[in-house]
Structures are given as C-alpha cells and as structure tokens.
Asker: 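Below is the structure I would like to discuss, written out as structure tokens.
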Amino acid sequence: MVTLDDLKTPKTNTWCPGCGNFGILMAFKKALIELGLQREDVVLVSGIGCHGKMVNYVNINGFHGIHGRVIPAAQGIKLANPDLTVVGFAGDADQYNEGWGHFAHAMRTNMDMTLIVHDNMVLGLTTGQATSTSQQGFKSKSTPYGVIPPMLNPVAHALISNGSFVARGFSGDMFHLKSLMVEAIRHRGFAVIDVFQPCVSFNYLNTYDWFTQRVYKLEEQGHDPTDKQQALQKALEWGDRIPIGIFYKEERPTYHDSLPHVKGLDLPKLSSKPVDVTASMKEMM
Amino acid sequence: MVTLDDLKTPKTNTWCPGCGNFGILMAFKKALIELGLQREDVVLVSGIGCHGKMVNYVNINGFHGIHGRVIPAAQGIKLANPDLTVVGFAGDADQYNEGWGHFAHAMRTNMDMTLIVHDNMVLGLTTGQATSTSQQGFKSKSTPYGVIPPMLNPVAHALISNGSFVARGFSGDMFHLKSLMVEAIRHRGFAVIDVFQPCVSFNYLNTYDWFTQRVYKLEEQGHDPTDKQQALQKALEWGDRIPIGIFYKEERPTYHDSLPHVKGLDLPKLSSKPVDVTASMKEMM
Amino acid sequence: MITNKLSLLVGGEAGAGISRSGQLFAKACLRGGLNVFGTIDYQSLIRGGHNFYTVRAETQQVYCQDDTVDLIIALNKETILLHKDELAKGGAIIYDADQIKITKQELSRDDINLIHVPLRKIAKDLAGPQIMENTVALGAAIALLDYDPQIMNQVLKDAFKPKIAQQNIDATKQGYDYAKQNYKDMFGYKLQKTKTDGKQRIFVAGNEAVALAAISAGCKLYAAYPMTPSTSILHFLASVDREYNMVVLQTETEIAAMNMVAGASYAGVRSMTATSGGGFCLMSEGIGMVGMTETSPVVVLVQRPGPSTGLPTYTAQGDLRFAIHASQGEFPRLVIAPGDVEEAYYLTLDAFNLAEKYQIPAIIISDKYLGESNQTTQIYDQTKTKIDRGQIITDTYAGTEEYMRHKITENGISPRAFPGTKNALVRTNADEHNELGYTTEDPILSTKMADKRFKKLEALTKELQNHATVKLHGPKTAKTTIIGWGSTKGPILEAMKILNKNEDKVNYLQVIYLTPFPTDRIKTILQSAKETVVVENNQTSQLSSLIREHLLVDVDHRILQYDGRPFNPQSLAQRILEVL
Amino acid sequence: MITNKLSLLVGGEAGAGISRSGQLFAKACLRGGLNVFGTIDYQSLIRGGHNFYTVRAETQQVYCQDDTVDLIIALNKETILLHKDELAKGGAIIYDADQIKITKQELSRDDINLIHVPLRKIAKDLAGPQIMENTVALGAAIALLDYDPQIMNQVLKDAFKPKIAQQNIDATKQGYDYAKQNYKDMFGYKLQKTKTDGKQRIFVAGNEAVALAAISAGCKLYAAYPMTPSTSILHFLASVDREYNMVVLQTETEIAAMNMVAGASYAGVRSMTATSGGGFCLMSEGIGMVGMTETSPVVVLVQRPGPSTGLPTYTAQGDLRFAIHASQGEFPRLVIAPGDVEEAYYLTLDAFNLAEKYQIPAIIISDKYLGESNQTTQIYDQTKTKIDRGQIITDTYAGTEEYMRHKITENGISPRAFPGTKNALVRTNADEHNELGYTTEDPILSTKMADKRFKKLEALTKELQNHATVKLHGPKTAKTTIIGWGSTKGPILEAMKILNKNEDKVNYLQVIYLTPFPTDRIKTILQSAKETVVVENNQTSQLSSLIREHLLVDVDHRILQYDGRPFNPQSLAQRILEVL
Ligand SMILES: Cc1ncc(C[n+]2csc(CCOP(=O)(O)OP(=O)(O)O)c2C)c(N)n1
Ligand SMILES: Cc1ncc(C[n+]2csc(CCOP(=O)(O)OP(=O)(O)O)c2C)c(N)n1
Ligand code: SF4
Ligand code: SF4
Ligand SMILES: [Mg+2]
Ligand SMILES: [Mg+2]
C-alpha cells in the first residue's frame, strides 16, 4: 500500500507559503492512498503554471507537458494504455484560456480519466494577470482598469458538454476535496473537478476567507447529482453562496467502450511486433 | 442604396448545386439591402471551408483568414475601426473544432459584431468528415463506425458564455434567416447565429427534409427571448422538434463601452501620427 | 502503332468520378502487367470546376506523368479546351458529342481524333446514375486500345458490390461495343497484356504507403485533424483500424493530435500524426515538447503551396526549412523525404525505428504530388519489417538505482521504461529537467541535459551510415549532377532518361535525409560533378540553401517551379538543357 | 580607493523585493550622473528560491554586468553562499547577522568584509513590513559608499506614495546611520555625484524600449497573452494605454492575439504582439497569413531557453532560425535583432515603418537578457520619430479602375486602402488570390502573385542601404573580428574593451538585420578580418549557419553558452583569448 512517505519527492516545494495548491497536493496524495493505487499505475499529467509543478511533488509517473495541453496529452496516454489511471492537473489559464479548445471535447469524448483544475482565477506563475475565471472588475497588471468581460463558468460548460462527472472543490477543505478526487478517479468516464484554489500572492479578491464565507456543500443541501437540470441550476449560482461538491454524475459509455477491437490488448507491447499488411495490399492490386 | 447587383462578384460560385450555403448567401445579401448599409462600411470575415468562400461571393470588404480564426481576426478589425460593421462567417469545424477556443470568450467579451456559423455538421471542403456537431453514429470517412461522442451544443454554450444575442437559423428558410441576420447585425454586442446548412454532398443524415420536418420557430411558440432560463431549456431541445429563431437577447455593455479613451477616435488615422512618449520616459529617470 | 506506351487523361467536373475512373483504368493496366503512374489534379471544391486524372502506362517502369497525353476522356467541354494542346499528334478524344458541342475553331488542330460516344444516352438507357458515363467511356477507351475487356470487368467486380459492379460492366460493354463498331482500328495506340517477372505489384499512393508502413511498424495510435493533402492517410487508417488493432481518431485540432501522439509515445505505443502547413504550424509547439521529453511520435508533413492557405489542393516543396527549424530552442530531429511510393513505405519504417531508438521526433516530409499520386510498385516485403525500439525495460525494472527516464549515458540515450512498469516511475518534463525528470533551473545541469540530447546525434549519424541518406541515380559520374529531394524524383528520373538518351550527360543526386544533413556523402558525389542543377518545387530553392550552409558551395543552377503543379519530364529536361 | 566603478548585487528570496531594491539603487546612481546597467536573475516561482539583481555603475558607459561584484546585499544566507566567490577582493557583504549565521568555513575567504546591519530589527522597530529590510540595507550601502543619501531619498519620494516613501526614507536613514557609525571608512569603493553632459537619461529595459517605440510609432492595438519574458511589454502598455489612446488587451491565447493584430493591420491600425517560444509556435500560422495577406503587424519574440518550456525565466538565442523560417511556404519578412535598449527603441520604430511600407511581417527578435535588463541611455529623441506607412489611400479612392488591394505593380507594392474608404472595397485572402483579393488556383496567376510578393524585396533591400543593418564596433580593422547578434552586444563590447586594452586586437561585427541577411556588408567587413569568432547564447551557433549559408564561408571559432545565463565580459574575453 502506498504511503505519504512513498509519495514524497526530493524536490523542494516552491509554491508560496499558504498557497492553495498545498491543499490540492495533500488531497491528491490522500486520495491515492485511500484508493490503494500502486504508484506505477498512476500517471500525473500537468500543464504549465504554478499548478504544473504538481509533477515535481508527487512521486508517481509524471508527464509535465506544455501550457494548455493537459487533456490531449492525457488522452494519448490513456489511449496507449487504458490500464493506467490518468489524472491531469491544469490551471485556470492553462485549461480555460490556452486549453479551452479541448475542454468541451474531452467531456464529449468521455475517456476514463480525471481532470483537476487549480482554479485560482489568476495566472499565478506569470505574476497574477487576470484569467477567464477572474471576476469582472478584477485588477491586475494586464487589466489595471479591471477585467471587462463576465467570468467564464467552467462547471456549466462541463455540464452542457455532456460531462459525465462534474464537480467543484475547494482546496481550503482538503478532506472534502480528497473525497471528490476519490470519487472522480473511481468514476468510469471523464471526471472534472474545478478546484477553488486561493492564490495568496496575487488574488486579493478570492481569498481563503472569501471562499470560506461562501462555499457550501451540495450534498448537504440534498442536491441530486443525477438531475442534470438541477445541476445546471446549481452551476449558475454565484454570489453570497457558491456550491461545491458533485454537480452531476452519470454512467455512460466511455470512449474505450466503442473500441472493441483494442479491448484487453497490451498496445505498448504490440508496438514491438511487426504487422503484416498483405491484406490491405491485396486491395491495391 | 446597395442592390443585389452591387453585391455580385465576378467569381464563379463553386458550391455544389443545391448546397445550403446558397440560402445563407442570399439571406446575407438581402439583410445588407434591408439594413441599407454601404458596401464600404461592411467587412466580411471568413474562415476556411466551403463557407469560407463567402468572401468570393459578396462584393464588400473581405478578409479571408485562416481556419478557425474568424473571431480574433474580426475582433482585430473591430478594434481598429469600430465604425465598421463586421460580420464573420465560420464553419462548424472552423468554429466548433479548430476555433472552439475563441467561441466562449467572444461571447464574454461582447464586441459589437456578428458571427454566422454555417453548421452543416460535416467538414465539407475536406470531403465530409464528421465534426463536433455531427450526430452520434454519423458515418464518414474518418468515422466509418460512426461518431462516438454526443454532439456539441453551440447554442447552449453561447448562452452559458453570456452571449448577448444567441440565435439559430435554417438556410432552407431564407427569409427567416435574413430577418435573424438583420436583427443580429442591428444588435449592439456580439451576436451569433448558428445556421443549419444542409450539405448535399456529404451529410446524408441532416438533409433539407430532415430539418424541414423538425424545425419550428421560437417566436411562433411565444418564446420570450429575454428569459435566459427558458432560452437554455430551448437550447437543450433536440429530436423531433428543433427550435430556430432568437433564443436570447440582452442589452449589456459592449467591449467598447469599457474603452472610453478611444471613443470616437479615428485610430487608423492616428496610426499615422507619431506619439510623444516623454511623459513615460520621465518615470524612468 | 505504339504499343504499351500510353498516357490517358480523364477530365471533368469534380464529383463526376474522375479520380475513380482513372484509378480503375490504371488498375486494369496493372493487371495486364503494365507499370502505371496515376495522378490527380483537382481544385478546392466538391462539385463542378475542373478535375483531371492522368494515367501513364508502359512496359517499363514509369515514374511520373508525361507532358503529353495520347487519349483524353472528356466528360465536359472544359476538358477538351484545356487539354487538347497536350494531346500528341494522332491522339484521340473520347467525348459525347450529344452533350458537348465543339467547333473546329475551338479545337484549332486537325491532327487528332474526335471519338464521339453517346455516353449520356448509354448511361440513361442502362438506367444507371449519370456517373456511369465514365464507365461507358472507359469501355470505349479499352476498345480503342484493343485491350482485353475482361481485365476491366474483373477490376470492376473487385471494386464494387455485385449489383453496382454488374451495372458498370454493362456500361463498359456498351462503350466498348460502340467504339469497336464505329472506330475500329483508327487509333494508333494499343495496350496489350505483358508478362511480368511474376512479382506481385500494387498500385499505391504515397499517403497509402506511409499509412501501410505505420501499420507494419506497429503504430497503434493515429490521431489527426483533416487537412488536404494529408487526409487520405486518416481515411485509409480509419478504414482498416479494426483489422489491425489500431486506434485511429480525428481530434478537435492539430494541437490535440500532436499532444496526443506525444502522450501515447511516452506511454509506450508507436504513434503518428499527419498534416499540412497550417496544421504543422499548430503542431510546432508539440514538436519541441517531443524534443524535450525525448518521446518519439512520427509526424508526416504533406506539403501544399503556401504561404498560408495558398493553393490547398496542389503541390509544393516550400516547407523544408520550416520542418527543419520548427519550434523554439534546439534539439535533434529527423527530417526524411521519400521520393516515391517505395521509399514512402520503407523510409516510414525507418522513421519509426530511428525516432524510438534515438528518442527524437521524426518528420516525414512529403507533398501532395507524392501523397496523392499512385504508382505501381512491388508489394512491400513483409518479411523485411524489423522493429527496433532501442533499449526498453519491460514489465519490471530490475536496476539497483532509482529508474531515471533521462539518465545521462555514454551515448546520450536513456533506456526507456513506460508507465506501468513495476519498480519504475517514469517522469518526463517539458521544462528542463534532471535525470529523474524533475524540473531544474541549474545552469550546469541544464547544459549537461542539452549536451545529452545532442550527444545522441553521434550514434544516430553512425547508424545512418547504413542507410541510404542520399541516392545517386544514373551514371556514377556525369558532367552534370541534378540534385533534388522528395517528389521531384519521378520527373527528374524521367528527364534524366530523356537527357541521357544518346550519351551520359547527367546523373541525379536525390537527398533523402534532410536532417541530419548528409553533408559528407553529398560532398563526395559532388566532387565528380562539373556542374550542378537543383530542381525544386519552390520559390527560394531551399535545398540549395542547405547545400550552401552545409557544404559551403553554391549550386550552379536552380530550376524552380512554384505554381502548385509538379514538373513534367520533357519540359524539365528542356529547362535543364537550357541552363547547361 | 575606487570611485564610481561599482558592482552591487542584491540577493534574496523571490517576493522579497530584490528587483525593486536593485532598481532603486540604480536610479540613485543614474541621478548622480553615473551610467548604470541592471539585470535580474530569477527562477520560475513567486516566493522563495533565489533571486538576485546586479547593478553596475560607472562614470563611463557600461554595457553589461561584470563577472565580479564589489558589494553584496544578502537578504538570505543563500545569497552569501552562492555569490561570495564572485566578490572582489576587499568587497563587502551587507547582511543581518541576527538572522544569518555564517561560519568562517562556510565563507572560506578572509579578504572580504562582513557588514552586519540589524536589518530585521530596524525594520521591526520602524513597524514597517519585512520587505523594508531591503531599504535599510540600501541605506547602509549608501553609507558605505559615501554616497549622497538625499539622492536616494528623492528616488524613494518619486517611486512611492508619500506615506510609503517616508517609511522607506526612514528605513534608509537608519541603515545609513548604523553603517556610518559602525563601519566608517572601511570600504574601498565610493560613489560620487558626477557631472554629465546635461543630456537627459533614462534607466530602461529592452522590453520597455520596444513598448515605448510602439507607442511612438502610432501603434494603436497591442494584443498578447502573458509569456515570460515578454510579459512586461503587456504590463507596461496596459498601464499607459489610456494616456496614449491605445487599445491594449490580453487575449485568450497567442493564436487569438496574432490573428487579432493581423485583422487590425488590415483595417488600418498599427498593431503589435509579443511572446516567447511556445507562443511564437502558436503564432506561426498567423505569421504566414500575414505574409499572404500582405498585412504588417509587428511581432516581438523575446527568447528564453528551449526546447519547449525549457528554462522559462532565463535567456537564450535559440530561436533565430525558427523566426526566420516559421510558417509554411515562402514570403518576405523582416527579422531584426536589437542589441541594447537604444536599438530596441529605434529599430522598433523602423520595424513599424518597414513592415507597413513593404506590407510584410516584422519580427523583432530579442531575449530575456535584453528584454528584462535595464540600462541608462539618453532619452529617446522625440523629434526624430518619422512615420512612413507607404502609399495609403485615405477617405476616398479616386482611381478609375476598381480598387485592387493586391495590385501587381512595378515594385510589387500595392497601394493600401483600408475598409471604410469610399469607393474602395478592400479584399484580402489567405488563399492565393488575384489582384482583387479573390481566390485563385490558376498556375500562372499564382506564380505572378508569388513573384509580386518577393519583388518587394528589391525595394526593401535598396532602402536598407540607408539602415544600419550591421554595425562594426571597435577599430575599423583588426586581426580578429568577433561576430554576434542581439543581446550579446553588451558582454562583447565589454570583452572587446578588455581585449583591446593594450593593442587593437579585435573588433566586433554586430549583425542587426537577420532577414533580409546583410550578406554584402558582412562580406566587406570580414574581408579585412584574419580570424572570426562567433559568440552566441545557443547550442548550434545559428548565426554561423546563416553566415555559412549566405557567405559560403565558415567562421573560425564559436563561443557558445546555453545554460540560460548571459555571458560575463571577463570570462568571455578569456574564452576569446583561448581560441585565438
Ligand atoms: C504557449 C504558452 N503561452 C504562455 C506561456 C506562459 N505561461 C506560463 S504559466 C502561464 C499561466 C499560468 O496560469 P494558470 O494556468 O492559471 O496557472 P497558475 O500559475 O495560476 O497555477 C502562462 C501563460 C506558456 N508557458 N506557454
Ligand atoms: C489549420 C488548418 N487545419 C486544417 C485545415 C483543412 N481544412 C480546410 S477546410 C476544413 C474544414 C471544413 O469544415 P467546416 O469548417 O465545417 O467548413 P465547411 O467546408 O463544412 O463549410 C479543414 C479542416 C486548414 N485549412 N487549416
Ligand atoms: S503565485 Fe499564487 S498560485 Fe502560484 S504558488 Fe504563489 S500563491 Fe500559489
Ligand atoms: S460540400 Fe457540402 S457544404 Fe460544401 S459546397 Fe458542397 S454541399 Fe455545400
Ligand atoms: Mg491560475
Ligand atoms: Mg461544416
């Protein structure tokens, strides 16, 4: 059984003291322990940003890809080896700006993997510019007069895109987040968790306090996560009370369910064997 | 006043006979006439695909950009010269695949322009592969066993993204489409019309007949286009009856409303005048 | 009477089945033992406009289309007007005079035969679709050529479901009979079945060859977004993925495809994507990530004329420098340019092996002309397929030290494990990293890792001594050496034949590996050339620039064409003569 | 006693205000009439880690940091351990011995002075934030250097709001007094106010210089997505857009930014974007579109070490070839490499003019070292700014024939109208097009249009004869010519000074225009060089490859560094000496 100690890496953590990423990191490690997964069987894929450093802090397989491309890289890994548990860690700019073009499509495609978005509502690593989840009026070095457009609603988009597991967490509530992660990883299909992650260095608006005062748990309010309509309603809630928890969950065929011809095959091994294409060449005669 | 004749170009039309694009083309020309716009004041921006040829068939200003980038190119034009009426013509692959990353953001940003998506549910010009709006099970050369994921719902996404004018048209109902275009172009803010456009060469499923049997007009069913909740409900309708018309419309500040410092300025002319930066250099002493 | 030396052109609107007809005819030639080259010229539209397919069939090997044609099947008037001047003296045009009115003036030559066949009427009488006019015309062509109609019948049987096949057989028969009755022995070209060496041959396009090779090489993931002229790779692979246990998918964008194949390579499967210019731009960031993560997907760049969208259905060689330098920073890569369908297959096999052994991106640079032209070639030898993935740790890692994905070794190559391997954690990183794959910003370590990556070039260069990185065609030495790369191979080989008819005037150096550039081999060969002529389908002669850069010599002449069309052999020979 | 020749290093954790302190000190030097160079070394993190800012101040012009430092302000122990060996003999370290315990062994040298100042205590006593420890240390430094504390006070007053300014003034005073009392006359370096020529000078970074020039040049749209080390351009412009009637916006991606500036250019405004490697990959498709549509936005590529994400906060020159060849197909472009903050300003002005006149993309290639290092320079001459947009039809088109956006003219340049012009419809197209901008697939017309685009190079080349496409620094002739491009200028100039101390050993050829490549000028200059040494911040010596390609000569030596750090002048001089 994997332990916290096993998951430790030699890399010094370079997140700011108090950063919300610590909660996500710990929740993930605890989720891995609870799930009883082997380190060799889990791949952590991360984007570029403060969140991207996850790969340095969890001693499992890791693919630290480029900005915005957590989803396709993770999909490639899953397609190559569906036995792997693939968990992507993206940032809000990473996923909702640069990588926005992949988000809805990943929901639709429904490969069996998990995406966790460190949503600190800023570009942290590039020193605090506004992103698409920044609140209107948020001032940053690139928006000194305040953000003009209304914020993007990733949860609602995930629902509209046929996401089969759509949740939101708060890094300030590590145990709750951990249980979301456990359920997400267990879920058969594409699971996404948008995680409120206070950036103590740049987000002066959406602080721990700000979130703590507002978040409430869907499951404590009798929300039915199989009711898409209700989920959408809840996704549109924003203001004094903001829901976290599982908005929606459904069992529907995963992408691999439609690939009967590779079911159970060890593709990496098969890549080592030449394939005879005579049958196809016959058609060319 | 501009006439149909004025709008004719010397280019031979190369769309397939019977293609749904003809309805869109005619609707747009008629809309221009109805709006009484001058040819010099309208810019047509188009992507790459059969739809992209619009630029060859309307004798107004034209920017035929690259695949998927109608929105940012059009935004650049609008930012350079807000006096221009900017209308973008994209394809479903163009906008909902390659250009998907811009779509939600354009709604949020709400520049005053119009986007018309020729939604034929296939990649026409590349010979009929499935796109994100193709129906599940749709067979094409790239999906011989049928499309796996459920289709994307652009109207719902537009609504969720704070689109200030969200409509759907059908190229088989040219007059209705024309009036949608007129309203969209008149609308102050970002207006999007997803247009059902039968591809007679490749989409054997979603044909004229198929659409004609299904589409009904929202305005005839007493839909209230100021009711976002209802709009969303309607957007999720798909099956035997599919709504067209204006789903939602609201007046909210455009992007330019937040740029008081360039209001009324002739930026192209100002680009010809050197600017003295002494004030900024003083801060560097 | 000219026997077994024929150029046929089928022309008409897009959507009229032009390409299909040409290919059926070509297959009939192939089955009669002839060697065939077939190429399609089409516009960026789906119906209407003007398409034409050229089939050249001869007893000897043919490498490309000819400048002239002998027989035209004109399904519309435009075909006659556009191509009549390409017709050889004594050539013929099969057309439907009921549909196409052409005046003497319009035709403006009287040394050719107009062969009216009532295509539309016959098709109508057979109650078949209009597209069957083609097949009627094919029947007429076979009659004119005195070729065996049974071969065509068999081709049709193999190509279509029984009912459709029979319809088409009936159509060809009607066309055949009509021509036999009305135009007996009036055409000076004949086709005859010929004996072959017995080796099985296929009629295959460059894109198909690459796709076949990918399957052979154990590629298990192909991900791409459609882009002409690369799309037929996607179509072909999607049509056979179930038979070969492959995952083939169309992604939302090229960016997705590129990152997906990189991820798959990291996770242990051979993977490939293909695209053209604009898509390659979008992939360029991922290619750099491949360089940094030492993964090894294969990227096929099927060129078309730029800049930008350019001429999307035509051919060009304008992306060579871009392929060599795409993505920020510096890392070793392979850029390999097959020249024909045989090389397209075998070099793709090599690309997979070399990419994996050296853990670098491999770019196969091809173009519309190679990718979408068919050629007869011996079936690809399935006993020759060797898979060499370099050192892989499978199942369980048994090392004593912690597994290090980016271990600095003598030759720079780190043994690979894939995630899932017991006792090994596999970590890689687009940031500069240490041997374990953790991010580093240390200057000394960064230099070491950069050196490690380039170190691999030494072993690669050594291995490439056993590969045909260049080929010298024609006489060993000649006064003039023609230099080219990629799909100009066919036209150059044919031009060389023409030029060397009486004496060995020229030979032809084909550069196959563009990166790493085979400087030494080229130097050796050019030492015995008095004069050099570079032939390229681009505007700035990018191969010349590489020769300048690597050999510090300029070539003497450049013959460039950048109108989207391939070179024709005779006019190429002429242009070469002019500069010599 | 060494006066007005000082290198100071401030080091500590990220978030501790290291850069700010360095800049305040630098400004105090500037105002005392000194010339200053300041550069920051930081990691890809927000708090913690190790940052350091180096300020070099002298009476004469300084071009870069020095290899050694004379005074260190150590805000943490790591700073001492990492930089003590860079300290010159007799140098000093200002630190807080209450916080930092350092043993003799750890220090391992006794030829330097440890200057304890109770930074934390003083800051605490003043009830200020911890970050004020910096300012206390600055005060101490000024005392040690016998510099005028009033200058620093004024700098602080100008930099902060009154209350914060006063806090900081108090803090410097405490530090000043403490040092004066405890370390009087023990430090061998002094700073003194000096007379200047009276010309106003600024302390400006390369990125700021580019941004200022864009404003000057009438740029009205700046669109970008943050990417280190280009982001300070966005920050700077966003902070002043209202003052200059500019639209500055952060887009969702680099792709959006690139297409937006292209659209804006079509619609008539000067526009610019900036990015680094990965973002440049994503922009590459748009750059080709610019080439094809003959629009003219300016793209600033601020390099950092690759491949891929590489070392995101460090410096490199690894993208030169990529900048030159990015995007499919062939089209003329400009690639211009400023070497210092003066060139960054004036060349950006030129880039805007040339891009518009020739309707081609202009790429300004810079890097982290140039972009994020500050230098003193004379204020940019605002009377010199000339805007030349080429021929523009404004308001109403009065031609007799229909307006043709892509008219084929003698020199290939088509007069521009922008949408909104009366009687003109302005049509452009990423597909190959005719003069009116309508799509074409015709081979002859396509060739003509391709020729038209390249034709513009002739006029451009001619105009460039009046531009300093290269600069020769140092003696007119010398046995050895050092060749470089971009930000290596500072270190090379300094190294040259060192090398030429006693005799004119070397001169330095700075290549400024990389495309079009100034072959003739380089040839002329290299004719009088016996030996050449290329100096580059990359691994494969990309400038050498350009010289090889264009001049057909190899350089004799290459001095390369690719650890993300700029060259230091003394060690560079040393390395040059070693190869000579
Ligand atoms: C293609 C590309 N564009 C831009 C960047 C620069 N960049 C690095 S991190 C980052 C954004 C970080 O924001 P986010 O994804 O929200 O992550 P956070 O730091 O907040 O965790 C950006 C834009 C990049 N690395 N690659
Ligand atoms: C970057 C890039 N990728 C791919 C292509 C190839 N391409 C041309 S048109 C097209 C799609 C056409 O589909 P759609 O946008 O739906 O337009 P339609 O033809 O159906 O109108 C594609 C993928 C391209 N031109 N550029
Ligand atoms: S900048 Fe913000 S997100 Fe990044 S490590 Fe610091 S607190 Fe966390
Ligand atoms: S392929 Fe389809 S969309 Fe394109 S022109 Fe033909 S019918 Fe229209
Ligand atoms: Mg963030
Ligand atoms: Mg479409």
Side-chain angles (χ1 to χ4, degrees), chain A residues 9-11 38-45 48 52-53 55-56 59-69 71-81 83-84 101-102 104-105 109 255 259-262 265 267-285, chain C residues 30-31 200-204 208 212 215-221 223 240-245 247 251-253 255-256 259-264 266-271 285-286 289 293 379-380 382 385-387 389 394 418-431 437-439:
Chain A
T9 71
K11 281 294 288 182
Q38 292 298 313
R39 296 189 300 175
E40 292 97 326
D41 297 332
V42 188
V43 185
L44 188 163
V45 182
I48 301 287
K53 298 180 179 178
V55 93
N56 290 319
N59 199 9
I60 54 178
N61 297 299
F63 186 94
H64 192 181
I66 49 180
H67 187 51
R69 313 305 167 195
I71 286 176
Q75 287 175 326
I77 293 165
K78 189 74 188 178
L79 287 170
N81 186 348
D83 292 339
L84 294 170
H102 309 296
H105 297 294
T109 307
Y255 192 74
L259 306 179
H261 59 296
V262 293
L265 297 181
L267 296 181
K269 284 247 169 85
L270 282 181
S271 268
S272 304
K273 299 216 174 74
V275 174
D276 190 322
V277 294
T278 306
S280 290
M281 288 194 291
K282 288 250 191 284
E283 317 248 301
M284 297 170 178
M285 287 176 183
Chain C
L30 162 82
R31 295 198 185 177
Q200 285 189 301
R201 289 166 319 132
I202 54 175
F203 185 59
V204 62
E208 289 168 346
L212 285 171
I215 302 170
S216 298
C219 174
K220 292 296 164 206
L221 176 70
V240 299
D241 61 354
R242 303 226 161 178
E243 292 155 47
Y244 295 113
N245 301 325
V247 179
T251 50
E252 61 269 26
T253 60
I255 297 178
N259 282 274
M260 210 178 267
V261 295
Y266 157 80
V269 308
R270 291 190 155 193
S271 57
E285 193 190 7
M289 178 183 73
T293 56
I379 63 163
Y380 302 124
Q382 297 303 293
T385 321
K386 290 227 163 47
I387 289 189
R389 308 186 72 184
T394 45
F418 305 129
T421 306
K422 289 286 154 252
N423 297 334
L425 297 177
V426 185
R427 190 176 302 99
T428 192
N429 201 327
D431 278 327
Y438 291 116
T439 305

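Residue numbers start from 1 in every chain, and the chains themselves are labelled A, B, ... in the order their sequence lines are given, proteins ahead of strands. Quantities reported herein were computed from a predicted structural model and do not represent experimental measurements.
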Asker: We want to know whether A:Thr278 and C:Tyr380 form a side-chain donor-acceptor pair, criterion being a heavy-atom distance below 3.5 angstrom.
Answerer: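 Judged by distance alone, the side chains do not pair up.
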Asker: Would you say the side chain of A:Lys273 lies within less than 4.5 Å of the side chain of C:Thr385, judging by non-hydrogen atoms?
Answerer: no
Asker: I'd like to verify something: which residue of A:Ile66, A:Ile48, A:Asp41 has the highest number of heavy-atom pairs under 4.5 Å with chain C?
Answerer: A:Ile66
Asker: Going by heavy atoms in the side chains, are C:Gln382 and A:Met281 under 4.5 Å from each other?
Answerer: yes
Asker: Look at A:Asn81, A:Leu270, A:Leu259, A:Asp83 and state which one has the largest set of heavy-atom pairs under 4.5 Å with chain C.
Answerer: A:Leu270
Asker: If only atom types and distance count, is the side chain of A:Glu40 paired as donor or acceptor with the main-chain N or O of C:Leu425 below 3.5 Å?
Answerer: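 Side chain of A:Glu40 to backbone of C:Leu425: no pair is present.
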Asker: Looking only at heavy atoms, which two atoms of A:Gly65 and C:Met289 are closest? And how far apart?
Answerer: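 Closest approach of A:Gly65 to C:Met289, heavy atoms only: CA-SD, 3.8 Å.
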Asker: Heavy-atom cut-off 4.5 Å, strictly under: side chain, backbone, both or neither for A:Lys282 against chain C?
Answerer: side chain
Asker: Measure the spacing between CG of A:Asp276 and CD1 of C:Ile215 and express it to the nearest 0.5 Å.
Answerer: 11.0 Å
Asker: Under 3.5 Å, side chain of A:Asn61 to main-chain N/O of C:Pro419, donor-acceptor pair present?
Answerer: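 The answer is no, because no donor-acceptor pair under 3.5 Å joins these two groups.
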Asker: Check whether any side-chain heavy atom of C:Thr439 lies under 4.5 Å from a side-chain heavy atom of A:Lys53, and answer yes or no.
Answerer: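 No, side chains not in contact.
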Asker: CG/C:Leu221 to NZ/A:Lys78 distance, rounded to the nearest 0.5 angstrom?
Answerer: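 So the CG of C:Leu221 and the NZ of A:Lys78 are separated by 14.5 Å.
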Asker: If you count heavy-atom pairs within less than 4.5 Å of chain A, which of C:Ala424, C:Gly420, C:Ser216, C:Ala256 leads?
Answerer: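 The answer is C:Ser216.
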Asker: To the nearest 0.5 Å, what is the distance between CE (A:Met284) and CD (C:Gln200)?
Answerer: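 One finds 13.5 Å between CE of A:Met284 and CD of C:Gln200.
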Asker: Of the non-hydrogen atoms in A:Phe63 and C:Thr428, which two are nearest, and what is the gap between them?
Answerer: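 Here A:Phe63 and C:Thr428 meet closest at CD1-CG2, 3.5 Å.
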Asker: Using non-hydrogen atoms only, which part of A:Ala74 is less than 4.5 Å away from chain C: side chain, backbone, both, or neither?
Answerer: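 Nothing of A:Ala74, per the 4.5 Å heavy-atom cut-off to chain C.
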Asker: Can any side-chain N or O of C:Arg31 pair as donor or acceptor with the backbone N or O of A:Met285 at less than 3.5 Å?
Answerer: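 Present.
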Asker: Heavy atoms, side chains only, cut-off 4.5 Å: are A:His64 and C:Tyr438 in contact?
Answerer: no
Asker: Sub-3.5 Å donor-acceptor pair from the side chain of A:Ser271 to the main-chain atoms of C:Gly218, do we have one?
Answerer: yes
Asker: Drop me the distance from C:Ser271's OG to A:Leu267's CG, to the nearest 0.5 angstrom.
Answerer: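 If I round to the nearest 0.5 Å, the distance is 11.5 Å.
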Asker: Non-hydrogen atoms of chain C under 4.5 Å away: do they reach the side chain of A:His102, the backbone, both or neither?
Answerer: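 For A:His102, backbone and side chain are both near chain C.
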Asker: What part of C:Val261 gets within 4.5 angstrom of chain A, counting heavy atoms only: side chain, backbone, both, or neither?
Answerer: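 Contact with chain A is absent: no heavy atom of C:Val261 under 4.5 Å.
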Asker: For residues C:Leu212 and A:Ser280, determine if any side-chain heavy atom of one lies less than 4.5 Å from a side-chain heavy atom of the other.
Answerer: yes
Asker: Roughly how far, to the nearest 0.5 Å, is the NZ atom of A:Lys269 from the NZ atom of C:Lys220?
Answerer: 14.5 Å
Asker: Does a donor on one side chain sit under 3.5 Å from an acceptor on the other, for A:Asn59 and C:Arg427?
Answerer: yes
Asker: So what's closer than 4.5 Å to chain A heavy atoms on C:Phe203: side chain, backbone, both or neither?
Answerer: both
Asker: For A:Tyr255, what residues pass the ring-ring contact (aromatic ring centres under 6.0 Å, His included) criterion, not counting sequence neighbours?
Answerer: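 A:Tyr255 satisfies ring-ring contact (aromatic ring centres under 6.0 Å, His included) with no other residue.
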Asker: So which part of A:Ile77 gets closer than 4.5 Å to some heavy atom of chain C, the side chain, the backbone, both or neither?
Answerer: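 For A:Ile77, heavy atoms of backbone and side chain both lie under 4.5 Å from chain C.
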Asker: Output all residues satisfying ring-ring contact (aromatic ring centres under 6.0 Å, His included) with A:His67, sequence neighbours left out; order by chain, then residue number.
Answerer: D:Tyr225
Asker: Measuring heavy-atom distances to chain C, does A:Val43 have an atom under 4.5 Å in its side chain, in its backbone, in both, or in neither?
Answerer: side chain
Asker: Can you tell me which of A:Gly62, A:Ala80, A:Pro10 forms the most heavy-atom pairs within a distance under 4.5 Å of chain C?
Answerer: A:Gly62
Asker: At a 4.5 Å cut-off on heavy atoms, which part of C:Arg270 comes close to chain A: side chain, backbone, both, or neither?
Answerer: both
Asker: Tell me which of these, C:Val247, C:Val240, C:Thr253, has more heavy-atom pairs under 4.5 Å with chain A than the rest.
Answerer: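 The candidate making the most pairs under 4.5 Å is C:Val247.
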Asker: Side chain, backbone, both or neither: which part of C:Leu30 has an atom under 4.5 Å from a heavy atom of chain A?
Answerer: side chain
Asker: Checking A:Thr9 against chain C: side chain, backbone, both or neither under 4.5 Å from a heavy atom?
Answerer: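 Answer is both: backbone and side chain atoms of A:Thr9 are under 4.5 Å from chain C.
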Asker: Please classify the contact of A:Val262 with chain C as side chain, backbone, both or neither, using a heavy-atom distance under 4.5 Å.
Answerer: side chain
